[in-house]
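Letters go in sequence order (proteins before strands), and every chain restarts at 1. Keep in mind that the numbers below use all heavy atoms, side chains included, and drop hydrogens, waters and symmetry copies. The structure displayed is predicted, hence computed values, not measured ones.
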2 protein chains.
Amino acid sequence: MPPIKMKNGKAATLPKHAAAEGAKPASKPAKGRTAKPRPLTRIQREKQDIILEAALDVFSVYGFRGSTIDQIAEVAGMSKPNLLYYFPRKEDIHRRLITELLTTWLEPLRALDADGDPIPEIRSYIRRKIEMARDYPRESRLFANEMLQGAPHIIDMIEVDLKNLVDEKAKVLEGWMDAGKIARTDPYHLIFSIWATTQHYADFDVQVRAVLGKDRNGEGRFEDAARYLEQLFMAGVLSPRKKGA
Amino acid sequence: MPPIKMKNGKAATLPKHAAAEGAKPASKPAKGRTAKPRPLTRIQREKQDIILEAALDVFSVYGFRGSTIDQIAEVAGMSKPNLLYYFPRKEDIHRRLITELLTTWLEPLRALDADGDPIPEIRSYIRRKIEMARDYPRESRLFANEMLQGAPHIIDMIEVDLKNLVDEKAKVLEGWMDAGKIARTDPYHLIFSIWATTQHYADFDVQVRAVLGKDRNGEGRFEDAARYLEQLFMAGVLSPRKKGA
DNA sequence: CTAACCTTTTTCCAACTGGTCAAAATTCTT
DNA sequence: AAGAATTTTGACCAGTTGGAAAAAGGTTAG
């Protein structure tokens, strides 16, 4: 049983690729139509990161409407107007977080390789998902919060990108089933159940810790969970040949 | 495969046993110390129900902080001061909802019978949990929202009542494992995974529907889910004899 | 050094928030 | 039907909220 390898324990925001949209501080009117984006100074990048960090803290707990700019500004250690200088609107911060999140969030599933060995592929997918719950609980909660509200800000991404990805991977799973390499079940619900069980450890963390009690709620709980879930899903997915009930 | 039996589709609040605490409209100063509770008029009961219904709608989506009294009042079809006449504080409404919820929420687990047949017991527990996700999605989301925020309002109930119940049922499961009636696994994580997978269908409903696509997102998805989950957990729990790896 | 730019702070505001209060309208009791 | 009790309403309030404006403070290139 390979132990889950810990990533850096640091609470870093997920990859901050390119500056994405907007958040352009008050500059000159930007001549013509094609306003050259202008590469972002060091300070701008740093401050934006600090803000996004703070916002993740706040949004992931209270959701969009339940969070206030003042609160985020305080966590970020700056004044509200200063924060608004970098992100003119509350929504801008949120959008940035949530779109970046979505990309990263689906990485593990994207990595599921049709040409790989089915059992290890699935097993490592599960392991990676638990690692994410452990290492990025705030991101998980941010996502959960958005879902609970009906995903108002990302519904179209869900309906297109996410759906396409899942459709694709569901086909991969079905291929494995057809080849008798894994037991036959509903690939969609299989994926849902992996999401549900792994993310549960981030989203319902309080509950998990409370129920496990003082003695078992150390960081080891993630390894226990990993072990348990591997066992569960392996049992559910193994035993090929067993075609249609 | 017994089909899940539909309960009334009506959107009723969970059982409203006794008037619980407070919510006493402005009355006479109530003589002495032992203010006789006075049995609640018909109007009071009706209005409170309407308010709780509306509040459930709102709180379950936006969480406590993200919801406003005005919003709830509007959904309830009454003026804010009128609403406040029945529940003097926002928190009162929320507390009522969430404590009632907790009781109901744990019913299925409570029903897990140590003297019953293990496999059917577990199977029917799962079925009941899915039915709840289907019939009481708002309650599920209210609970999820509370968890995401660290369960500030019910942390002590979680740490005591919930923990005790789970401890008790975990022992039941362990008993079955010792008797070789079900496969050996971690009973706590088994319970967590049942919670996670079933509640997922209420909490992440948008996602589930979006991914399943237009053709499969009818009400039938709950039956598919039930079927899938029974299969998954039966595989994970069956095969006794298979002691320690 | 200084002009042009970038960053931060101060001040301000209108809309919204949870909640109060007294008067008015309704319902219940006798 | 009168009087008491309950329910509803409208006006109001102090604190918070998201955000605008502009002045003040820093940086940096020439």
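- B:F87 places its CZ atom 16 Å from the C1' atom of C:dG18, with the value rounded to the nearest Å.
- Straight-line distance from the CZ atom of B:F59 to the C1' atom of C:dG18: 12 Å, rounded to whole Å.
- A:I69 comes within 4.0 angstrom of sugar-phosphate atoms only, judged by non-hydrogen atoms across all strands, and of no base.
- For A:N82 and C:dT7, the shortest distance from a side-chain N or O to OP1 or OP2 is not below 4.0 Å.
- Projected onto DNA chain D by closest heavy-atom contact, A:D70 and B:L83 fall at different nucleotides, the more 5' of which corresponds to B:L83.
- Of the candidates C:dT7, D:dT7, D:dG19, the closest approach to any side-chain atom of A:R89 belongs to D:dG19.
- Residue A:Q48 contributes atom CD, which lies 12 Å from atom P of C:dT8 at whole-angstrom precision.
- Between B:Q44 and D:dT7 there is a side-chain polar atom (N or O) within less than 4.0 angstrom of OP1 or OP2.
- Remark: A:H200 NE2 to A:I130 CD1 distance equals 11.5 Å, nearest 0.5 Å.
- Of the candidates B:H94, B:R141, B:R138, B:F59 forms a side chain to side chain contact (heavy atoms under 4.5 Å, CB included) with just one, namely B:H94.
- Taking atom CD1 on A:I72 and atom P on D:dG19, their separation rounds to 11 Å, with Å as the unit.
- Atom NZ in B:K80 sits roughly 11 Å away from atom P in C:dT20 (whole-Å rounding).
- Applying the 4.0 Å criterion to OP1 and OP2 of D:dT8, one finds that B:S79 has every side-chain N and O outside that range.
- Atoms CE (A:M78) and C1' (D:dG25) sit 17 Å apart, rounded to a whole Å.
- Note: CD (A:Q71) to P (D:dT16) measures 13 Å, nearest angstrom.
- Note: B:L229 CG to B:D224 CG = 10.5 Å, rounded to the nearest 0.5 Å.
- Closest to the side chain of A:Y85, from the set C:dT17, D:dG18, C:dT8, is C:dT8.
- B:E74 CD to B:T68 OG1: the interatomic distance, rounded to the nearest 0.5 Å, is 9.0 Å.
- With rounding to whole Å, B:E91 atom CD is found 18 Å from C:dT17 atom P.
- Side-chain atoms of B:K90 and base atoms of C:dG19 include no donor and acceptor less than 3.5 Å apart.
- Within the nucleic acid shown, A:K47 comes within 4.0 Å of sugar-phosphate atoms alone, with no base atom in reach, counting heavy atoms only.
- Nearer to the 5' terminus of DNA chain C, by closest-nucleotide assignment, is the contact made by A:P81 (compared with the other of A:R65 and A:P81).
- Residue A:F233 holds its CZ atom at 3.5 Å from OG of A:S193, rounded to the nearest 0.5 Å.
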